[in-house]
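Comments concern the structure below.
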Amino acid sequence: MKKEVKKITKSKKANPKEEKPRIKGEAKAYSFFQDVFDVVRQIPKGRATSYGAVANYIGTKLSARMVGWAMNSAHIAKPKVPAHRVVNRNGMLTGRHHFPTPTMMEELLVKEKIKVKDNTIVDFEKIFWDPAQELTL
DNA sequence: GCATTGACGAAGG
DNA sequence: CCCTTCGCCAATG
């Protein structure tokens with residue numbers, strides 16, 4: 001149950017319509033959407049990262065949810081964002097259901113020599129790629 | 001304008 | 001050790 005924990009809901013829009021997937025080319029107003037996409041695109045093959053790591057790199061580590069939410073627009077973003085390389089901190093392919101086909105995500109991972117077992121990346125910590133660590137911002 | 005939800009994460013029981 | 005709960009930020013109904 002959700003209970004009425006938060007009834008206030010800040011709902012204060014910090015960013016005015018910055019992300020507009022409908023418009024192509026003139027998306028100058030960068031937002032965490034673009035940041036997430038950019039970071040995810042820089043994930044080397046055979047590697048994977050977690051939403052929390054990406055969020056941490058961007059600075060919104062406290063809200064790893066936003067990363068996942070942003071990935072919802074990833075399938076609209078171009079060039080295509082390798083969202084299959086982004087999983088939760090458990091290494092579980094939680095977002096596989098959002099792909100064109102639920103099997104596409106693990107198939108892509110397997111193609112990159114990433115072992116997937118029971119919807120979870122094997123040796124996730126080994127192939128883990130931390131943008132904040134690798135990119136050294 | 002308020003309540004609910006979400007491809008998460010960390011902490012508490 | 002497994003399950004439940006809170007926190008975050010933005011969007012959508």
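The figures that follow rest on heavy atoms only: side chains count, while hydrogens, waters and symmetry mates do not.
- Note: CG (A:N90) to P (C:dC2) measures 12 Å, nearest angstrom.
- The distance from atom CD1 of A:I76 to atom P of C:dA11 is 13 Å, rounded to the nearest whole Å.
- Nearest to the side chain of A:S50, among B:dA7, B:dG9, C:dC8, sits B:dG9.
- A:L93 places its CG atom 11 Å from the P atom of B:dC8, with the value rounded to the nearest Å.
- The interatomic distance linking A:L62 (CG) with C:dA10 (C1') rounds to 15 Å, in whole Å.
- Nucleic acid contact class of A:A83 (heavy atoms, under 4.0 Å, all strands): base.
- Protein atom CZ of A:F124 is 13 Å distant from nucleotide atom C1' of B:dG9, rounded to whole Å.
- Here the separation of B:dT4 from C:dT5, taken at their P atoms, is 15 Å to the nearest Å.
- Contact check on A:E112 versus A:R47 returns no salt bridge, with no Lys/Arg side-chain nitrogen under 4.0 Å from an Asp/Glu carboxylate oxygen.
- Rounded to whole Å, the C1' atom of C:dC2 lies 23 Å from the corresponding atom of B:dA7.
- With hydrogens and angles ignored, a donor-acceptor pair closer than 3.5 Å exists between the side chain of A:R65 and the base of B:dG6.
- Between A:W69 and A:F33, the ring centre distance stays below 6.0 Å.
- Of all nucleotides listed (C:dA11, B:dA7, C:dC8), B:dA7 comes nearest to the side chain of A:M71.
- Of the candidates C:dA10, B:dA7, B:dG9, B:dA7 carries the atom nearest the A:T94 side chain, counting heavy atoms from C-beta on.
- Note that NZ of A:K111 and CG of A:L109 are 11.0 Å apart. Values are rounded to the nearest 0.5 Å.
- Here the OG1-CE distance, from A:T60 to A:M66, works out to 8.0 Å after rounding to the nearest 0.5 Å.
- Protein atom CD of A:E106 is 15 Å distant from nucleotide atom C1' of B:dA7, rounded to whole Å.
- In this structure, A:N72 reaches the bases: a heavy-atom distance under 4.0 Å links it to at least one base atom across the strands shown.
- A single hydrophobic cluster is seen to contain both A:L108 and A:I121, as judged by linkage of ILVMFWY side chains at heavy-atom distances under 4.5 Å, directly or through other members.
- Across C:dC8, B:dG9, B:dA7, the shortest atom-to-atom separation from the side chain of A:R89 is found for B:dG9.
- The CE-P distance, from A:M66 to C:dA11, rounds to 9 Å in whole Å.
- Put simply, NE2 on A:H75 is 12 Å from P on B:dA7, counting in whole angstrom units.
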